[in-house]
**Student:** 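Next up is a structure, given as structure tokens.
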Amino acid sequence: MIGLGGGSAMDMAKGIAFSAVNEGNIWDYVFGRKVGTSALPIILIPTTAGTGSEANRTAVFTNPETNDKKGLVNPLIYPKAAIIDPELMLTLPKRVIAGPGADVLFHALESYISKNATPFSEMLSLRAIELIAQNLPLVYEDVTNVAAWENVTLASSLAGMAIDCAGTTLPHALQHPMGGLLDVVHAEGIAAIYKPFMEYTWPAAPEKFAAIAKAMRSIRATWARNRRQKAVWRRFINS
Ligand SMILES: [Fe+2]
């Protein structure tokens with residue numbers, strides 16, 4: 001089963017590969033009422049940078065009958081291979097750069113502060129934060145910047161692996177009912193609640209938020225060398 005596209009297309013491929021082999025309603029497996037036995041082999045080719053689905057065992061579905069939005073999390077749907085080609089990103093519109101790109105940061109941040117984080121997942125999370133902070137504004141400014149896209153797509157996959165190890169936290173849990181009930185775009189729904197989430201959460205893990213800020217501050221060294229990049233960042237934030 002080949003999934004070519006954004007998160008929804010890749011997760012659909014995972015779902016079809018799983019449903020082709022396991023009988024009954026997939027929601028029984030999503031809610032843990034049944035356990036699968038196998039799945040067709042899956043190859044994923046992302047054409048957006050954000051979901052990280054190409055690097056993990058999660059597939060998120062929306063049930064239009066019940067408005068449930070929830071992930072099937074099952075090792076049977078790990079892709080056998082992922083083809084991550086930055087050149088597939090070169091025609092993305094700005095909204096599909098900014099939203100999924102911010103979702104990379106959300107995945108990395110939430111997996112980093114998760115109580116299930118490990119030294120290995122923390123390493124993945126912090127590297128993803130560094131890469132996305134440095135490179136997302138560059139591709140937002142110039143969609144043809146292949147070198148920056150290489151780093152953004154790498155960050156996306158690293159963050160996808162980090163949530164595979166440590167999971168996400170409150171914002172993703174809150175966004176799922178938002179998406180299921182109101183059809184809100186994933187990253188845009190999360191962005192709407194992120195500031196109060198961080199204000200509420202940081203006192204519980206100040207050392208972790210300090211490390212995140214430090215990883216994002218590594219862009220200051222880049223700014224010192226490149227004033228144009230600083231201007232790019234300002235425009236990205238303001239947009
Ligand atoms: Fe996400």
Side-chain angles (χ1 to χ4, degrees), residues 3 5-15 30 44-63 67-74 77-79 82 84 89 92 94-117 121-122 124-133 135-136 139-140 151-198 201 212 215-216:
S8 298
M10 291 194 288
D11 286 1
M12 181 58 72
K14 286 175 164 175
V30 170
L44 298 181
I45 308 168
T47 59
T48 63
T51 169
S53 183
E54 72 280 3
N56 63 40
R57 66 193 148 143
T58 297
V60 178
F61 305 115
T62 302
N63 186 336
N67 291 329
D68 280 317
K69 184 175 181 185
K70 194 166 165 59
L72 172 69
V73 182
N74 193 311
I77 55 171
Y78 273 120
I84 302 157
M89 314 292 155
L92 284 177
K94 281 193 186 302
R95 188 173 174 183
V96 186
I97 297 172
D103 201 27
V104 174
L105 179 62
F106 301 152
H107 292 163
L109 188 149
E110 289 173 45
S111 57
Y112 187 65
I113 64 168
S114 166
K115 288 182 176 174
N116 295 325
S121 71
E122 289 175 353
L124 298 170
S125 302
L126 285 178
R127 185 66 182 135
I129 290 169
E130 282 178 358
L131 287 170
I132 206 70
N135 294 281
L136 183 59
V139 298
Y140 187 80
N151 288 324
V152 170
T153 52
L154 175 59
S156 176
S157 297
L158 291 178
M161 292 179 199
I163 58 175
D164 204 45
C165 300
T168 52
T169 56
L170 186 64
H172 271 74
L174 288 175
Q175 199 283 326
H176 280 184
M178 228 191 284
L181 293 168
L182 303 172
D183 204 23
V184 176
V185 175
H186 178 70
E188 294 173 13
I190 295 177
I193 55 178
Y194 231 71
K195 190 161 176 276
F197 154 71
M198 287 197 289
T201 307
I212 291 163
M216 295 190 76

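First listed ligand is number 1; within each ligand, the first listed atom is number 1. For the single chain, residues carry numbers from 1 onward in sequence order.
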**Student:** Taking D103 for the side chain and G99 for the main chain, is one N or O donor matched with an acceptor at less than 3.5 Å?
**Tutor:**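 It does not hold such a pair.
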**Student:** With a 4.5 Å cut-off on side-chain heavy atoms, are K14 and L44 touching?
**Tutor:**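 L44 vs K14: side chains touch.
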**Student:** So, the side chain of S156 versus the backbone of A49: is there a donor-acceptor pair under 3.5 Å, distance only?
**Tutor:**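 Looks like no, no N/O pair under 3.5 Å.
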**Student:** Is the NZ or CZ atom of K70 both under 6.0 Å from the centre of the six-membered ring of F61 and within 45° of that ring's axis?
**Tutor:**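 No; the conditions do not both hold, so K70 does not lie above the ring face of F61.
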**Student:** May I ask you to check whether S121 and S111 show a side-chain donor-acceptor distance below 3.5 Å?
**Tutor:**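 Per modelled atom types, S121 and S111 side chains form no pair under 3.5 Å.
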**Student:** Protein N/O/S atoms under 2.8 Å of the Fe ion (ligand 1)?
**Tutor:**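 Listed by chain and number, the nearby protein N, O or S atoms are D103 OD1, D103 OD2, H107 NE2, H172 NE2, H186 NE2.
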**Student:** Compile the donor-acceptor pairs under 3.5 Å between side chains in residues 161-170 and protein atoms, sequence neighbours left out, one pair per line.
**Tutor:**
{"residue": "D164", "atom": "OD1", "partner": "R57", "partner atom": "N", "Å": "3.2"}
{"residue": "D164", "atom": "OD1", "partner": "R57", "partner atom": "NE", "Å": "3.0"}
{"residue": "D164", "atom": "OD2", "partner": "Y78", "partner atom": "OH", "Å": "2.5"}

